[in-house]
Amino acid sequence: MSSTARLDKRASASPTPATREHRTNRKQGFADRTAGYVFLLPWLAGIAIFTIGPLVYSLYLSFTNYDLLQSPKWVGFANYHQMFTADPRFMHSVRVTLIYVVVVTPVKLALALGVAMLLNRKRRGIGVYRSLFYLPSLLGTSVAVALVWRSLFSQGGAVSDGLASLGLPKTDFINDPSWALPAIILLACWQFGAPMVIFLAGLKQIPSELYDAVDVDGANKWERFRHITLPMLSPVIFFNVLLETINSFQAFTPAFVISGGTGGPADSTLFYTLYLYQKGFTDFQFGYASAMAWVLLAAVAVLTALMFRVSRVWVFYGDGGNR
């Protein structure tokens, strides 16, 4: 082999600068990914141990008869069959929860949007008013707030005495089956601060030029609200509707505290989550309670999917289209 051929072979065998740089970048990328996964290990371990593990185990328990004292006994779909065919309190809890969701979600969001529009103005001290309206949501659905609410609406409470001072009959709202659920609904609607803040942020993103344009055309306040505010705010409305619907299905603390954990009077406040709690931690039917939890998860997932599907019709984004 000639010296020229040997030199050409060596040149072709040695990597070019571009090839060496590519290999270096690949090694660096692999090192970066490895370092990222190492830092994620505590989070991944937490998800596996405290979320995925209990989730899978609860699914298994939903097909068993389990009371904490004995090993789970496989019963197949017996829990689900009993739930829908032989448990009238289950169906009653579904009705109570649906009434709560259907009433609370629109009323709460209507109040939140109305107050947000009032607070979306440049006025002296407007920040103080925003804080005051947000304060009830900051307290959250705590036990203390529920206890105060129970005291206000019970026999001899401030609300009952106030009605008596107006010449109206005293009413024990907490122990009256006709008024116990409305009292809890009123508590939920009173805490509209969180969606109000979200609506307020959305209102501030609407360009003022749009309002100026419709003012030139002689639009009144209702037309401004209908043709500008609602369409431009529709993504925020959808987000709040979705969030409040899911939260309403999960309502537990007010019903538990106000009814003393019984769902009374006459099961008028027997929310789905409260009945689930009773089955699990009062009757020790953890298999049945797990089945109830999975039914709730499936129902909320289906409802969420339907809401996303329907949102394509009425939710409009900044580019003028739907998603």
Side-chain angles (χ1 to χ4, degrees), residues 89 92-116 118-119 128-197 240 243-283:
R89 293 194 77 207
H92 179 74
S93 69
V94 172
R95 286 193 295 271
V96 171
T97 304
L98 288 177
I99 292 172
Y100 178 83
V101 172
V102 169
V103 175
V104 166
T105 302
V107 173
K108 186 176 183 178
L109 294 183
L111 289 172
L113 179 57
V115 175
L118 291 175
L119 297 179
V128 176
Y129 290 106
R130 293 172 182 170
S131 301
L132 290 176
F133 278 110
Y134 181 70
L135 184 60
S137 290
L138 189 63
L139 297 175
T141 55
S142 63
V143 175
V145 172
L147 286 173
V148 171
W149 206 260
R150 179 177 181 176
S151 176
L152 288 173
F153 285 87
S154 61
Q155 184 69 32
V159 175
S160 180
D161 291 344
L163 292 175
S165 65
L166 297 175
L168 300 174
K170 284 189 174 183
T171 303
D172 188 358
F173 294 91
I174 301 303
N175 295 311
D176 188 338
S178 301
W179 289 103
L181 182 59
I184 297 177
I185 290 174
L186 185 61
L187 171 59
C189 295
W190 173 64
Q191 296 175 320
F192 61 82
M196 179 203 72
V197 171
N240 271 334
L243 202 63
E244 291 302 324
T245 301
I246 296 174
N247 289 338
S248 297
F249 273 107
Q250 297 175 339
F252 171 78
T253 303
F256 179 84
V257 174
I258 291 176
S259 69
T262 64
D267 284 348
S268 60
T269 60
L270 186 64
F271 285 15
Y272 191 97
T273 52
L274 180 55
Y275 187 50
L276 189 155
Y277 171 86
Q278 290 179 355
K279 281 296 184 181
F281 295 96
T282 302
D283 300 334

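Everything quoted here is computed from the prediction, not taken from an experiment.
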Original post:
Hey, are the side chains of S151 and V148 touching, using non-hydrogen atoms and a 4.5 Å cut-off?
Top reply: no
**OP:** Drop me the distance from H92's NE2 to T97's OG1, to the nearest 0.5 angstrom.
**Re:** 9.0 Å
Original post:
With T245, which of L109, V101, V104 fulfils side-chain contact (heavy atoms from CB on, under 4.5 Å)?
Top reply: V101
**OP:** Kindly determine whether V257 and W149 satisfy side chain to side chain contact (heavy atoms under 4.5 Å, CB included), including the steps that lead there.
**Re:** CA-CA 10 Å; V257 174; W149 206 260; over 6 Å; no
**OP:** Could you tell me whether the side chain of R130 and the main chain of L119 form a donor-acceptor pair under 3.5 Å?
**Re:** yes
Subject >> Separation of L274 CG from T253 OG1 (nearest 0.5 Å) >> reply: 10.0 Å
**OP:** Could you tell me which non-hydrogen atom of P254 sits nearest to which non-hydrogen atom of A146, and how far apart they are?
**Re:** CA-CB, 4.2 Å
Original post:
For the side chain of W179 and the backbone of F153, is there at least one donor-acceptor N/O pair under 3.5 Å apart?
Top reply: no
Subject >> Other residues, nucleotides, ligands: >12 heavy atoms within 6.0 Å of F281 CZ >> reply: no
Original post:
Say you draw a straight line from OG1 of T105 to CZ of F249; how long is it, rounded to the nearest 0.5 Å?
Top reply: 8.0 Å
Subject >> T269 vs I184 side-chain heavy atoms within contact, under 4.5 Å >> reply: yes
**OP:** Please determine which of L181, L163, L152 meets the side-chain contact (heavy atoms from CB on, under 4.5 Å) test together with F173.
**Re:** L163
Subject >> Closest non-hydrogen atom pair, V115 against M196 >> reply: CG1-SD, 3.6 Å
Subject >> Interatomic distance, T262 atom OG1 to Q278 atom CD [nearest 0.5 angstrom] >> reply: 7.0 Å
Subject >> Donor-acceptor contact present, side-chain S268 to main-chain P265, <3.5 Å >> reply: yes
Subject >> Residues forming a salt bridge (charged side-chain N to carboxylate O under 4.0 Å, His left out) with D267, sequence neighbours excluded >> reply: R89
Subject >> Separation of R95 CZ from L270 CG (nearest 0.5 Å) >> reply: 10.5 Å
Original post:
Does the side chain of F256 come within less than 4.5 Å of F271's, by heavy atoms?
Top reply: no
**OP:** Rounded to the nearest 0.5 Å, what's the gap from CG on N247 to CD on Q191? Could you check?
**Re:** 11.0 Å
**OP:** Could I get the full list of side-chain hydrogen bond (donor to acceptor under 3.5 Å, both in side chains) partners for Y272, not counting sequence neighbours?
**Re:** none
Original post:
Is there a donor-acceptor pair closer than 3.5 Å between any side-chain N or O of Q250 and the backbone N or O of T273?
Top reply: no
